[in-house]
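All figures in this text were calculated on a predicted structure; none of them were measured in a lab. The sequence lines fix the lettering, A, B, ..., with proteins before strands; numbering per chain opens at 1.
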Amino acid sequence: VSGLLMFLSCFLLSDSHKHKDKYKEHKHKDYKRDKEKSKHGNSDYKDPSDKKYKDKEKMKHKDGSTEKNKDKHKEKRKEDKVIKKEKENGFVSPLHDIKPKKTKTQKEVTDGKKKAKKEPEEKWKWWEEERYTDGVKWKFLEHKGPVFAPPYEPLPSRVKFYYDGKPMRLSPEAEEVATFFAKMLDHEYTTKDIFRKNFFKDWRKEMTAEEKATITDLKKCNFTEMSEYFKAQSEARKAMSKEEKQKIKEENERLLQKYGYCIMDNHKERIANFRIEPPGLFRGRGDHPKMGMLKRRIRPEDIIINCSKDSKCPEPPPGTKWKEVRHDNKVTWLVSWTENIQGSIKYIMLNPSSRIKGEKDWQKYETARRLKKCVDRIRAQYREDWKSKEMRVRQRAVTDSFLLTLLALRAGNEKEEGETADTVGCCSLRVEHINLYPENEGQEYVVEFDFLGKDSIRYYNKVPVEKRVFKNLQLFMENKEPDDDLFDRLNTSILNKHLQELMDGLTAKVFRTYNASITLQQQLKELTTADENIPAKILSYNRANRAVAILCNHQRAPPKTFEKSMQNLQAKIDAKKDQLSDAKRELKSAKADAKVRKDEKTKKAVENKRKAVQRIEEQLMKLEVQATDREENKQIALGTSKLNYLDPRISVAWCKKWGIPVEKIYNKTQREKFAWAIDMADEDYEF
DNA sequence: TTCTCAACTTAGGATTGGCGGA
DNA sequence: TCCGCCAATCCTAAGTTGAGAA
């Protein structure tokens, strides 16, 4: 492991050690183990050479794919061969065969018809099937098209808009856009100049000639009645009766059932975002030059439908037409349209639990694991390249090292000025984003990074680097203005081409995946202690997760209610402490009592008191763990890394190894997304 | 070689709804 | 049973990547 990586781990470790020490105070051993055991891990695998599972027949939609599968499974159950180990550890590339087959889980077998509500068909284990290799994404695709935003409902006439103090009736078009602004009135950005300017410009485009002539100054517009009206409406919605709420829920469910699924290659799959984005005012992140612009309503005429030729094509709403219907099975989207703010294309795609997303995800982690094998070689190479005569090569070598060691850096594409907020990544760093300190706080060759990254989240870090890197950076900064590119001979395209040469499939973002996953694995090893109880182990997991989130700079705004909720928790802890000292006092007097009387009854009392103390201590410890966890998490978002960077098999293996129910780590949605990992990883999985 | 665009992943904030405690 | 809180879910913006046009 290179010095830089060492540094990185030192940084992380020292940090976690700190946490750990703090934590030790409330460590407690006698925690009852959660009995619930994961049901996974009993699936059998069949001979890889068996090709029967190939999805070759042309799909005749409609027919119950489930039934079909069941039969397949029955017929195959006997011949299963165990090659599980190989699959998980030796690693058969996901792109290759091995078609193990699916077996019913214990649960399915035993509680056969328990659930009256038709228990969902067996979960399809797509990861046990052959993959497409030729860029084809599916052979059959049928869906119902998108759900459009509800049409605009004009305001009741009593709700007035005032211009320059006088009530004014707006045309429906102008009124609708006005309501978008009114709904955001409480928000800070309606006070921002750019937001107001953009809004006003776009609003005027929707006005009639007369309105345009009258309304010339946003400052003279009074939206408060509208705003009040919407607030009242949302209150009313909250106050609705159970029945009304139930009705809405049912309607949503109906919509979901109808539009929320598609049929792709024999299987019913969940769609991620089947609703078209409603019109509104664009809210970019950070200092976005387009904030406040009108995001227009999407009509059927804007929509491109993608489905297979032999499917039943979705119908556009009566009286309308789709922009286009195409049958492109080299892409995964079902519906697309072009958005008017940036002119980019938006898509309706499948849920992360779908085969098409899952396979890709799995593949991503396999690529990262391959990187693990050649990381040393790559390091050796870039260290060599630091000395190169060619500036281009040196710059590349420095970015390579940044990516490998300071993984929080994204690739950093160039961005069009004036189109988006001014943010940067590795390749697009400017001179003004770093400071060099030959010496800083007792360390040599320190680089200070300070810039806005994706979503305008600030990245700030001080990192000691090797002398050569430092000298190179000095060189790159020579004779440049603050707003000049630091790596002027480099962009993401060049960088990725070079990475591709180092390893097949290697791109800048693979480093993030690799670093995140390897860090989790190593931190879990480091932090998990056998004699800890489950809450303590989960705290360790969260800390490992947190180390990754810090590395990836996954921040969040502290929740608005953070202070309060912390206080509440603290109050609970204090109350619990009082309770504890009371209980202890009682125990003491019971003991004293027992000493004098020496009868069975008092002995029993002592025992009871002792148990009470123990129980309260346990509860207290749980609360304190919770407080620690929450405090440490104040500004850190764990979700992003959990969902996108951490090989789920590491977590699953950890759960299995320590007898932690996987439900404690992954919620329902996450379990669906990572079903493949939960099914295939056993406790000795190594990333 | 550079530019543009399509397709897909990654991201944080807003909203919702379910659950535990009063 | 009601209410407040928080986790889950929804939403959609903002990245990365690579292909193909200019």
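For A/Gln342 and C/dA13, the CD to P distance is 8 Å, given to the nearest whole Å. In this structure, CD1 of A/Ile494 is placed 8 Å from P of B/dT1, rounded to the nearest angstrom. The NZ-C1' distance, from A/Lys346 to C/dC11, rounds to 9 Å in whole Å. C/dA13 atom P lies 14 Å from atom CD of A/Glu419, rounded to whole Å. If you take CE of A/Met184 and P of C/dT12, they are 11 Å apart, rounded to a whole angstrom. Atom P of nucleotide C/dA13 and atom CZ of A/Phe195 are separated by 12 Å, given to the nearest angstrom. Across the protein-nucleic acid pair, A/Ile298 atom CD1 and C/dT12 atom P stand 11 Å apart, rounded to whole Å. If you take CZ of A/Phe451 and C1' of C/dG15, they are 13 Å apart, rounded to a whole angstrom.
Heavy atoms only, all atoms of each residue included: A/Glu632 and A/Arg543 are closest at OE2-NH2, 2.8 Å. Considering every non-hydrogen atom in both A/Asn496 and A/Thr507, the closest pair reads OD1-CA, 3.5 Å.
No side-chain N or O of A/Gln567 forms a donor-acceptor pair with one of A/Glu563 less than 3.5 Å apart. In summary, the side chains of A/Asp265 and A/Tyr132 do present a donor paired with an acceptor at a separation below 3.5 Å, with no hydrogens or angles considered. Using modelled atom types, one finds a donor on one side chain and an acceptor on the other under 3.5 Å when comparing A/Ser651 with A/Tyr541. A donor-acceptor contact closer than 3.5 angstrom links the side chains of A/Gln257 and A/Glu253. If you check the side chains of A/Gln570 and A/Asn568, you find no donor sitting under 3.5 Å from an acceptor.
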Please produce a list of atom pairs where a protein N or O lies less than 3.5 Å from an N or O of nucleotides 3-8 of chain C.
| from | atom 1 | to | atom 2 | distance (Å) |
| --- | --- | --- | --- | --- |
| C/dC5 | OP1 | A/Lys564 | NZ | 3.3 |
| C/dC6 | OP1 | A/Arg630 | NH1 | 3.0 |

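Geometric assessment of A/Lys183 against the ring of A/Phe230 yields a positive cation-pi assignment under the 6.0 Å and 45° thresholds. A cation-pi arrangement is absent between A/Arg355 and A/Trp138 under the rule of less than 6.0 angstrom and at most 45 degrees off the ring axis. Judged by the 6.0 Å distance and 45° axis criteria, A/Lys144 is not positioned over the aromatic ring of A/Tyr259.
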*In the 5'-to-3' direction, what one-character label does each nucleotide of nucleotides 3-13 of chain B receive under the scheme B = base within less than 4.0 Å of a protein heavy atom, S = sugar-phosphate only, - = no such atom?*
---SBBSBBBS
*Which nucleotides of nucleotides 15-22 of chain B have their base under 4.0 Å from a protein heavy atom (B), which only their sugar-phosphate (S), and which neither (-), written as one string 5' to 3'?*
---S----
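Comparing A/Thr423 and A/Arg275, the nucleotide of DNA chain C nearest to each residue sits closer to the 5' end for A/Arg275.
Among the heavy atoms of the strands, none lies under 4.0 Å from A/Gly639. Backbone-only engagement by A/Pro278 is indicated by non-hydrogen atom pairs under 4.0 Å involving sugar-phosphate atoms exclusively. Nucleic acid contact for A/Ala421: none, since no nucleic acid atom lies under 4.0 Å from a heavy atom of the residue. Looking at heavy-atom distances under 4.0 Å, A/Lys295 makes contact with sugar-phosphate atoms alone, never a base.
A/Asp287 pairs by the side-chain hydrogen bond (donor to acceptor under 3.5 Å, both in side chains) definition with nothing, not counting sequence neighbours.
Screening A/Arg410, A/Arg556, A/Arg285 against A/Asp455 for a salt bridge (Lys or Arg N to Asp or Glu O under 4.0 Å) leaves a single residue, A/Arg285.
Applying the ring-ring contact (aromatic ring centres under 6.0 Å, His included) test to residues at least two apart or on different chains, the pairs with a partner in residues 550-580 of chain A are A/His554-A/Tyr645.
Between A/Lys415 and C/dA14 there is no side-chain polar atom (N or O) within less than 4.0 angstrom of OP1 or OP2.
Less than 4.0 Å separates DNA chain C from at least one heavy atom of each of the following residues of residues 496-505 of chain A: A/Asn496, A/Gln500.
Between A/Phe223 and A/Phe199, the two ring planes are perpendicular [angle over 60°; tilted spans 30° to 60°].
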